[in-house]
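In each ligand, atom 1 is the first atom listed, and ligand 1 is the first ligand listed. For the single chain, residues carry numbers from 1 onward in sequence order.
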Amino acid sequence: MAGKKYNTPLIDDLEKGPWPSFVTEMKKAAKKSEMSNDALGHLEKCYATKKGYWKHGGIVGVLGYGGGVIGRYSELGDEFPGVAHFHTVRINQPSAFFYTGKALKEICDIWDKYGSGLTNVHGSTGDLVLLGTKTEHLENIFAEYSSRGWDLGGSGSALRTPSCCVGPARCEWSNYDTLDLTYNLTQEFQDELHRPSFSYKFKIKSSGCACDCVAALARADLSIIGTWKGDIKIDQAEVKNYAKTMDIKAEIVDMCPTQCISYDGKEMKINNKECSRCMHCITKMTKALRPSGERGATLCMGSKAPIVVGSLLSWVIVPFVKLEAPYTELKDLLRKIWDWWDENGKPRERIGEVIEIKGMRSFLEAIGVAPQPQQVKEPRKDPFMFYTDEDMAGFKAKEAEEKKTGKYKF
Ligand code: SF4
């Protein structure tokens with residue numbers, strides 16, 4: 001490729017050390033692409049001057065879609081014409097990032113034709129991200145990808161592309177079919193994904209168990225975490241085998257967050273009523289411990305990185321829900337959640353922030369979810385548990401009935 005050869009001592013430094021370097025990859029792409037070559041020179045200048053030159057240049061996109069392409073322009077278009085436009089295209093990834101080699105080659109061949117050749121597999125939203133193309137290529141890119149069955153992902157104030165862990169495809173601990181749920185929600189909410197109509201972004205991430213391999217709890221407005229209802233089954237013979245190679249007290253008993261495991265050197269016991277289904281003991285003793293009973297998920301809401309208020313972790317709203325196609329209960333709940341957010345959120349307020357501002361109590365009332373002990377995030381501080389006169393009358397009637405039948409325990 002004929003192109004200007006840039007002197008890049010500062011970013012060359014990033015090629016040193018034991019890790020793969022994005023600079024090395026950019027240099028490979030620069031051999032074939034003027035855009036990548038100019039991106040190298042541009043990056044060196046940013047480092048040398050300690051200044052970012054990317055600017056907001058208005059909305060770019062493709063016909064019929066409000067999102068999926070993120071506009072990038074450089075202030076230094078005259079000096080680095082290859083990055084004068086450098087738009088990012090988001091491709092909706094398959095559930096749990098399963099691609100065939102043929103599919104990846106297809107994506108890359110189209111991208112080499114119209115873009116810089118640089119990709120980010122995957123961005124933190126989940127999409128396969130293509131970095132750097134010009135406005136005039138966008139419709140052609142969209143036409144070529146969509147004719148082969150690919151679609152753009154979400155961007156802007158829209159539903160962002162739902163993403164999930166590998167689920168039952170490769171993991172025996174998954175409590176529901178994360179892949180099917182993600183695909184199903186993606187198909188159901190195409191409008192919300194492609195036509196930004198929310199106050200701000202809304203992310204859905206699904207993990208099959210509390211190991212939470214997609215970090216849903218920390219970075220999704222709706223975090224769907226697999227869980228189970230029954231006891232943890234214990235194979236005592238396997239516990240004995242583990243005792244030969246690990247300190248069960250230090251590594252399991254003392255690490256249990258609810259202190260519900262005991263081990264006397266011979267037998268392990270779990271007080272399942274106190275277990276929070278965190279998965280720690282199970283992942284450490286996979287052969288000895290196994291969940292049982294009904295499987296489903298806990299729905300948590302509101303995690304995000306800091307912008308309006310500080311960063312938030314998701315908060316339990318529904319302790320247990322069965323997740324089976326067509327997921328009607330979950331979809332109906334989501335629509336109610338979005339309606340409430342639409343009514344109450346200001347522009348650029350994530351739903352977690354609106355819940356913080358308006359209160360969990362009014363949020364739960366609006367979406368028709370009853371207050372439950374599992375929703376209490378900070379005991380003695382959460383102010384949303386209020387009992388109505390009707391609730392109290394119900395408790396009193398139940399208590400009287402239990403006293404009559406001898407079932408009353410307190
Ligand atoms: Fe304790 Fe977590 Fe194991 Fe439950 S799953 S027993 S909370 S370590």
Considering only NZ, NE, NH1 and NH2 on the basic side and carboxylate oxygens on the acidic side, decide whether [X] and [Y] come within less than 4.0 Å.
X: K27; Y: D12; result: yes
X: K404; Y: E399; result: no
X: K249; Y: D254; result: yes
X: D221; Y: R350; result: yes

Between I252 and ligand 1, which residue portion shows a heavy-atom distance shorter than 4.0 Å: side chain, backbone, both, or neither?
neither
Heavy atom of I282, distance to ligand 1 below 4.0 Å
no
Is H122 close to D127 at the side-chain level, that is, under 4.5 Å between some pair of heavy atoms?
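Side-chain contact under 4.5 Å: no.
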Heavy-atom nearest neighbour in the protein, as seen from [atom], with distance rounded to 0.1 Å:
atom: atom 6 (S) of ligand 1; result: C260 SG, 3.5 Å
atom: atom 1 (Fe) of ligand 1; result: C256 SG, 2.4 Å
atom: atom 2 (Fe) of ligand 1; result: C278 SG, 2.3 Å
atom: atom 4 (Fe) of ligand 1; result: C275 SG, 2.3 Å
atom: atom 7 (S) of ligand 1; result: S276 N, 3.4 Å

Look at the N, O or S atoms of C281, main chain and side chain alike, and state whether any lies under 2.8 Å from atom 3 (Fe) of ligand 1.
yes
Check the surroundings of atom CD in E390: do more than 12 heavy atoms from other residues, nucleotides or ligands lie under 6.0 Å from it?
no
Taking CD in E329 as the centre, count heavy atoms belonging to other residues, nucleotides or ligands within less than 6.0 Å. Is the count above 12?
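Open.
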Proximal atoms of ligand 1 relative to M279 (non-hydrogen, under 4.0 Å):
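Answer, ordered by atom number: 2 (Fe), 5 (S).
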Check ligand 1 against T258 and write out every atom of the ligand that is under 4.0 Å from a heavy-atom position of the residue.
7 (S)
